[in-house]
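To start, the structure under review is shown below, and the notes come after it.
Residue numbering restarts at 1 for every chain, and letters A, B, ... go by the order of the sequence lines.
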Amino acid sequence: MRDAEIRQLPQLIGEEVRIRGWLFNKRSSGKLQFLILRDGTGYLQALVFKPEVSDQVWEDAERLGQESSLWVVGTVRQDTRAPGGVELVVRQLGIVQLCQDFPITPKEHGVAFLMDHRHLWLRSRRQHAILRVRSELCFAIREFFHSRGYVLIDSPILTPAACEGTSTLFETDYFGEKAYLSQSGQLYLEPAAAAHGKVYCFGPTFRAEKSKTRRHLMEFWMVEPEVAWMRFAELLDLAEEFVAELVARILDRCQEELKRLERDTSKLEPATQRPYPRIDYADAVAKLQAKGFAVQFGDDFGGDEETALADESGKPVMITRYPAHIKAFYMEPDPEDPSRALAVDMIAPEGYGEIIGGSERIGSYELLEQRIREHNLPREAFQWYLDIRKYGAFPHSGFGMGIERVVAWLCGLEHVRETIPYPRMLYRLYP
RNA sequence: UCCGCAGUAGCUCAACGGUAGAGCGUCCGGCUGUUAACCGGAGGGUUGGGGGUUCGAAUCCCUCCUGCGGAGCCA
């Protein structure tokens with residue numbers, strides 16, 4: 001007799017094994033009890049047949065409430081009537097803890113109730129599948145960069161000043177000084193690019209904006225590559241190659257999860273094929289105006305406008321060369337038109353919005369200094385950042401990708417709150 | 001911050017001015033192949049808080065609280 005994980009059982013037909021897990025559901029029919037167990041690797045129908053077990057085992061099985069923790073010993077058997085085609089014929093059963101009144105029953109629940117019980121909600125099939133996709137995506141991201149020679153540079157979470165000077169930051173006390181939770185690792189990555197060439201950071205970021213939409217969290221994860229000597233055109237290629245490979249990877253490795261989430265994967269297939277449409281900001285404005293949107297040249301796009309632009313091809317769309325004044329202070333001006341920035345946003349299809357924002361960075365000390373002044377940023381706080389243009393300035397580019405929006409897109413979710421184990425939302429900090 | 005919508009049994013909802021109900025969960029009973037099993041029975045409520053209108057309020061009005069959706073901003 002050996003311990004086994006549920007996912008291994010199709011390879012263990014006829015063997016006697018012990019499975020440890022939790023009671024997911026139970027059905028009974030006279031002298032038969034069907035215990036549905038979960039152990040994190042899968043779901044198993046365990047059959048308890050009264051004539052073949054001791055009275056103790058039978059009674060213990062009867063007492064089990066939903067989510068009781070237990071172990072069972074029995075023989076693995078193939079049976080077409082069992083979900084998954086494999087079941088366990090129970091011989092012995094041990095209760096580890098008898099659970100009563102588990103709040104999340106196999107029926108439907110409201111969002112507020114589920115969010116209050118997020119720590120228990122994680123056990124449900126759907127949440128389990130989503131977080132597996134997230135895990136696979138994060139691994140694929142690290143593999144993508146690592147295999148291409150990028151060095152992982154962890155940027156700080158506690159920072160002395162605003163990175164971009166725009167978003168509202170969470171403020172905290174740092175031994176009598178003010179400190180802020182990082183809203184981006186990018187500025188800290190640029191010096192590291194001068195040290196290592198190709199670098200990336202991957203960690204949590206924080207925005208204190210009182211945003212209340214299905215695309216926003218107060219705490220979210222962002223991966224940000226930064227590459228020395230990379231120009232804008234190459235940055236577009238990198239972003240495209242990155243997303244195409246990630247989508248292909250998830251389609252390949254998360255088939256079971258996407259099926260459980262009832263994701264129509266045919267809608268993701270186009271994104272594995274390069275190139276993606278690239279639309280100049282000016283053309284995007286014209287397209288939107290032709291569709292009846294009230295945008296003017298110089299405006300930033302709202303959610304509806306983004307959706308309209310991305311829905312044409314079924315692929316992510318890259319909008320390029322935004323007006324400089326609606327973009328961050330550190331973005332390199334377009335040499336053909338300095339009023340525009342060498343900036344790109346990648347918009348995911350199906351209304352999932354902006355998943356990537358990136359740019360070539362300003363190389364000139366004087367220009368950067370001027371931009372810091374124009375944005376009313378505290379110059380002293382940015383001296384270290386200016387130093388990068390003083391001691392061996394170099395062209396470089398990078399982008400940031402929001403993990404939760406990508407997971408929401410890949411899984412076909414209504415809201416990003418399900419894509420992170422413990423979402424931090426406006427007015428919700430529990431559990 | 002602004003604009004909508006909603007708070008009724010543990011959960012999801014119905015009743016919309018006249019005795020507060022159902023399904024699920026729970027408990028008890030039945031069933032040798034169930035698939036969110038099924039069948040029978042039982043228990044379960046100051047209708048989010050406060051105030052008002054009315055003979056009478058879950059229902060209409062005011063207010064506060066909580067949640068949800070959207071906008072702005074962004075990933």
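Nucleic acid contact class of A:Thr205 (heavy atoms, under 4.0 Å, all strands): none. In this structure, A:Met401 reaches neither bases nor backbone, as no heavy-atom distance under 4.0 Å exists between it and the strands shown. Contacts of A:His415 with the nucleic acid, taken as non-hydrogen atoms under 4.0 Å apart, involve only primed sugar atoms and P, OP1 or OP2. Using a 4.0 Å heavy-atom criterion, one finds that A:Glu87 contacts the bases of the nucleic acid, with or without backbone contacts as well. Residue A:Asp300 is in sugar-phosphate contact alone, with no base atom involved, counting any heavy-atom pair closer than 4.0 Å across all strands shown. Contacts of A:Ile403 with the nucleic acid, taken as non-hydrogen atoms under 4.0 Å apart, are absent. No engagement by A:Arg126 is indicated, since no non-hydrogen atom pair under 4.0 Å with the nucleic acid exists.
Residues A:Gln127 and A:Glu418 bring a donor and an acceptor atom of their side chains to less than 3.5 Å of each other. Between the side chains of A:Tyr385 and A:Glu190, at least one donor N or O lies within less than 3.5 Å of an accepting N or O. Inspection of the A:Ser397 and A:Glu234 side chains reveals no N or O donor paired with an N or O acceptor under 3.5 Å.
Picking from B:A75, B:C74, B:U26 the nucleotide with the shortest atom distance to the side chain of A:Leu217 gives B:A75. The nucleotide whose nearest atom lies closest to any side-chain atom of A:Arg81 is, among B:G33, B:C74, B:U32, B:G33.
B:A57 and B:G18: their C1' atoms are spaced 10 Å apart (whole Å). For the C1' atoms, the distance linking B:G69 with B:G10 amounts to 26 Å, nearest Å. Comparing B:A36 with B:A58, their C1' atoms are spaced 31 Å from each other, to the whole Å. The gap from the P atom of B:G4 to that of B:C61 amounts to 15 Å, rounded to the nearest Å. The separation of B:G40 from B:C31, taken at their P atoms, amounts to 16 Å, rounded to a whole angstrom. Using atom C1' as the reference point in both B:A14 and B:U59, the two lie 13 Å apart (nearest Å). B:A20 and B:C13 have their C1' atoms separated by 13 Å, given to the nearest Å. Comparing the P positions of B:A15 and B:G29 gives a spacing of 37 Å, expressed to the nearest Å.
Residue order along RNA chain B, read from the 5' end via each residue's closest nucleotide, puts A:Phe102 first among A:Phe102 and A:Asp345. Mapping A:Arg405 and A:Met425 onto RNA chain B via the closest heavy atom, the residue that lands nearer the 5' end is A:Met425.
The base-pairing partner of B:G44, taking Watson-Crick or G-U wobble contacts with both distances under 3.5 Å, does not exist among the strands shown. Using Watson-Crick or G-U wobble geometry with both donor-acceptor distances under 3.5 Å, B:G33 finds no partner in any strand shown. B:A6 is paired with B:U66 under the Watson-Crick or G-U wobble criterion, all donor-acceptor distances under 3.5 Å. When both pairing distances are held under 3.5 Å, B:A22 makes a Watson-Crick or G-U pair with B:U12.
For A:Glu306 and B:G72, the CD to P distance is 9 Å, given to the nearest whole Å. Rounding to whole angstrom units, CD1 of residue A:Ile347 and P of B:A75 are separated by 10 Å. Remark: C1' of B:U66 and CG of A:Leu429 are 16 Å apart, rounded to the nearest angstrom. Atom CG of A:Leu32 and atom C1' of B:C31 are 10 Å apart (whole Å). A:His325 has its NE2 atom 11 Å from the P atom of B:C73, to the nearest Å. For the pair A:Lys31 NZ and B:C38 P, the interatomic distance rounds to 21 Å; values are reported in whole Å. If you take CD of A:Glu62 and C1' of B:C27, they are 14 Å apart, rounded to a whole angstrom. Between A:Glu209 atom CD and B:C73 atom C1' the separation is 5 Å, expressed in whole Å.
Other residues, nucleotides and ligands contribute at most 12 non-hydrogen atoms within 6.0 Å of the CD atom of A:Glu256.
Geometrically, A:Arg118 does not engage A:Tyr422 in a cation-pi contact, judged by NZ or CZ lying under 6.0 Å from the ring centre and within 45° of the ring axis. Cation-pi geometry between A:Lys315 and A:Tyr276 is not satisfied (NZ or CZ under 6.0 Å from the ring centre, within 45° of the ring normal).
For A:Arg417, a side-chain nitrogen or oxygen approaches OP1 or OP2 of B:G69 to under 4.0 Å. Distances shorter than 4.0 Å separate some side-chain N or O of A:Arg428 from OP1 or OP2 on B:C68.
Looking at A:Tyr150, A:Phe202, A:Phe139 one by one, the single match for ring-ring contact (aromatic ring centres under 6.0 Å, His included) with A:Phe145 turns out to be A:Tyr150.
If you look at A:Phe242 and A:Phe399, their ring centroids are closer than 6.0 Å.
A:Arg361 contributes no side-chain N or O that, together with a main-chain N or O of A:His396, makes up a donor-acceptor pair within less than 3.5 Å.
Residue A:Phe34 and nucleotide B:G33 are not classified as a stacked aromatic pair, given the requirement of ring centres less than 5.5 Å apart at an interplanar angle below 30°.
Side chain A:Arg77 to base B:G33: a donor-acceptor pair is found below 3.5 Å. In terms of polar N and O atoms assigned as donor or acceptor, the side chain of A:Gln45 comes within less than 3.5 Å of the base of B:U34 in a complementary pairing. A:Arg27 contributes no side-chain N or O that forms a donor-acceptor pair with the base of B:C31 under 3.5 Å.
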Under a 4.0 Å heavy-atom criterion, the protein footprint on nucleotides 1-12 of chain B, written with B, S and -, is B---------SS
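Salt-bridge formation is not detected for the pair A:Arg207/A:Glu219: no Lys NZ or Arg NE/NH1/NH2 atom is positioned less than 4.0 Å from an Asp or Glu carboxylate oxygen.
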